Structure formats: structure tokens, C-alpha cells
Amino acid sequence: MFYETGKRDRTLLPHDPFKAIVTPRPIGWISTRSLDGRINLAPYSFFNAFGGAPPIVGFASEGFKDSAAFAAESGEFVANLASFDLMRPMSETSAPLPRGTNEFDHAGLTMAPSHLVKAPRVAEAHANLECKVCQVIQLTNHRGEPIDNHLVIGEVVAFHIDDAFIREGRFDTAAAQPLARCGYQDYAVVESLITLARPRGGGDLQA
Ligand SMILES: Cc1cc2nc3c(=O)[nH]c(=O)nc-3n(C[C@H](O)[C@H](O)[C@H](O)COP(=O)(O)O)c2cc1C
């Protein structure tokens, strides 16, 4: 099958397969605090890490949603780790609630204070990354025309890790069971790892 974007045969492929192909995507569960003190929490699967030293993460908001707006105005956000045990409350925090509704309360989650940013973190999450905003970039299409997609990039300035998931000096990813977004209504869970050293012995713990 081949098709140009926008010319998909909707009889053969009723749903856009894009997000089922670019998968699994880590979920940045983003908590923010507006300058006037409103708290927000929502999942973003257009999320990833872009660098390790310093650690850089980013999430993309399709439409300038509350998370992007609050992060942009405050210059801060927390990326909380979404894991299998928190799948349902994570999903609840994506509900289209009125602006200013605290999704922690809506989903029955606990706010824990952060150390270097004002946004609270999800106490139940196995790891939280406190971030300071570096850039907010409105993306363009290939013609250079602005699109309604806003990439918020932040530097991770502090880490919280649940000690229960630190084993022999490493974060035990498989035990934490991070949740990833696939296409449609599907998710994946990381439950097992495959270890492969890089060629020529280059940096066994590097990307
Ligand atoms: C697992 C998951 C991933 C999502 N990823 C994104 C995303 O990457 N970008 C986006 O704009 N919306 C995404 N959404 C939808 C937002 O979470 C939803 O619109 C939410 O209400 C936004 O909240 P906010 O306005 O409080 O930021 C996702 C929803 C779910 C359940």
C-alpha cells in the first residue's frame, strides 16, 4: 500500500495509522502551575528526550492547550512517569475539563511538592522530572507555514526516583513498567528488557 498524506483510502484504512507506526511513544505526564496558581495535569505522547547532558525533554501540544500555556507563562513543568499501575488515572487526566480544573483531584491523584519548580508532581509516579522551559516553538509545515502545534522544550533540573525502583545502582525500568502510547486506543507496557552492548565497546551505558 502507498498513499500520499491526506489521500488515504478510508475504506481500506478508516483510521489514520500514523500514530500506530510511530510507536511506542513514551508518555510525558505533564504537571504545570499557572502564574495565578491554577494546577494542571495531562498526558502527552508527542513527548521524548532530546539530549542527555544536560537532560532535555519536550512535549508537543496540538493546539495551545493548558499544559503548554501554563508551562510557557511559568517557565516550568514536571514530566511525571506514566506507568501501567497508573494507566486509568493517567487517562482520566486527559478528560476535556474546564480550564482551571485540577486534574489531580479529578483523577484521585496526590500532589507532591517539587523542589526547584512551583508545579506539583504526581506523588504516585515512580519518577518525576522537574523541568525549566528552554524554548516554546510553534512548528511549521514543510512550506514554512505555522501550524497549530507547539513544542515545549525543557531542561531537566531535578530528578525524583522512587527508591523501590533503584536496584544495584540503576533505575529498574522493567519493574517500573512504563506505559507507552501506540495507535488508536492502544498502549504498550515495558516489562522486559533486552541488553546489547554497543559495537567497539563504546559507552556501554550510553544512548
Ligand atoms: C495517552 C495520551 C497522550 C496524549 N498525547 C497528546 C499529545 O502529545 N499532544 C496533545 O496535544 N494532546 C495529547 N493528548 C490529549 C491531551 O491529554 C488532552 O487534550 C488534555 O485534555 C490536554 O489537557 P490540558 O489542556 O490540560 O493540557 C493525549 C491524551 C492521552 C490519553
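Note that the structure is predicted; figures quoted are calculated from it, not measured. One-based numbering, in listed order, for ligands and for the atoms of each.
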Quiz item: What's the shortest distance from atom 15 (C) of ligand 1 to any protein heavy atom, and which residue and atom give it?
Solution: Lys65 NZ, 3.7 Å
Exercise. Classify the side-chain pair Glu130/His160 by whether it contains a donor and acceptor separated by less than 3.5 Å.
Key: yes
Self-check item: Contacting atoms of ligand 1, where contact means under 4.0 angstrom from a heavy atom of Ser61
Solution: 11 (O)
Practice problem: From atom 16 (C) of ligand 1, work out which of Cys182, Pro43, Ser91 has a heavy atom at the shortest distance. | Solution: Pro43
Self-check item: Side-chain donor-acceptor pair present, Thr110, Glu124, cut-off under 3.5 Å
Solution: yes
Quiz item: Looking only at heavy atoms of Ala95, does any of them come nearer than 4.0 Å to an atom of ligand 1?
Solution: yes
Quiz item: More than 12 heavy atoms of other residues, nucleotides or ligands under 6.0 Å from CZ of Phe18: is that the case?
Solution: no
Self-check item: Arg181 and Ser45: side chain donor to acceptor below 3.5 Å
Solution: no
Quiz item: If you count the non-hydrogen atoms of other residues, nucleotides and ligands that lie under 6.0 Å from CD in Glu145, is the total more than 12?
Solution: yes
Quiz item: How does Arg181 reach ligand 1, by side chain, by backbone, by both or by neither, if only non-hydrogen atoms under 4.0 Å count?
Solution: side chain
Quiz item: Does any N or O in the side chain of Arg167 come within less than 3.5 Å of the main-chain N or O of Ala164, such that one atom is a donor and the other an acceptor?
Solution: yes
Quiz prompt | Passing candidate, side-chain contact (heavy atoms from CB on, under 4.5 Å) with Arg121, options Leu129, Asn128, Leu41 | solution = Asn128
Quiz item: Among Asn80, Thr173, Asp172, Asp85, which one satisfies side chain to side chain donor-acceptor pair (under 3.5 Å) with His126?
Solution: Asp85
Practice problem: Report yes if some heavy atom in the side chain of Lys19 is under 4.5 Å from a heavy atom in the side chain of Phe46; otherwise report no. | Solution: yes
Practice problem: Write out the residue and atom name of the closest protein heavy atom to atom 18 (C) of ligand 1, then the distance separating them to 0.1 Å. | Solution: Ser94 O, 3.7 Å
Quiz prompt | Distance-only side-chain donor-acceptor flag, Glu92 / His106, under 3.5 Å | solution = yes
Self-check item: For Ser67, atoms of ligand 1 separated by under 4.0 Å from a heavy atom
Solution: 24 (P), 27 (O)
Quiz item: Considering only the protein, which heavy-atom contact is closest to atom 8 (O) of ligand 1, and what is its distance?
Solution: Phe46 N, 2.8 Å
Self-check item: Selected option - heavy-atom contact closest to atom 1 (C) of ligand 1, from Trp29, Tyr187, Tyr44, Phe47
Solution: Tyr187
Quiz prompt | Atom indices of ligand 1 within 4.0 angstrom of Glu103 heavy atoms, with elements | solution = 26 (O)
Quiz prompt | Distance from atom 3 (C) of ligand 1 to nearest protein heavy atom, with residue and atom | solution = Ser45 N, 3.6 Å
Quiz prompt | Nearest-neighbour protein heavy atom for atom 25 (O) of ligand 1, which is reported as residue plus atom name and distance | solution = Asp66 N, 3.1 Å
Self-check item: Heavy-atom nearest neighbour in the protein, as seen from atom 23 (O) of ligand 1, with distance rounded to 0.1 Å
Solution: Ala42 CB, 3.3 Å
Quiz item: Nearest protein heavy atom to atom 9 (N) of ligand 1, by residue and atom, and its distance?
Solution: Ala60 O, 3.0 Å
Practice problem: Quick one: look up the protein heavy atom nearest atom 24 (P) of ligand 1 and list residue, atom name and how far away it is. | Solution: Asn40 ND2, 3.6 Å
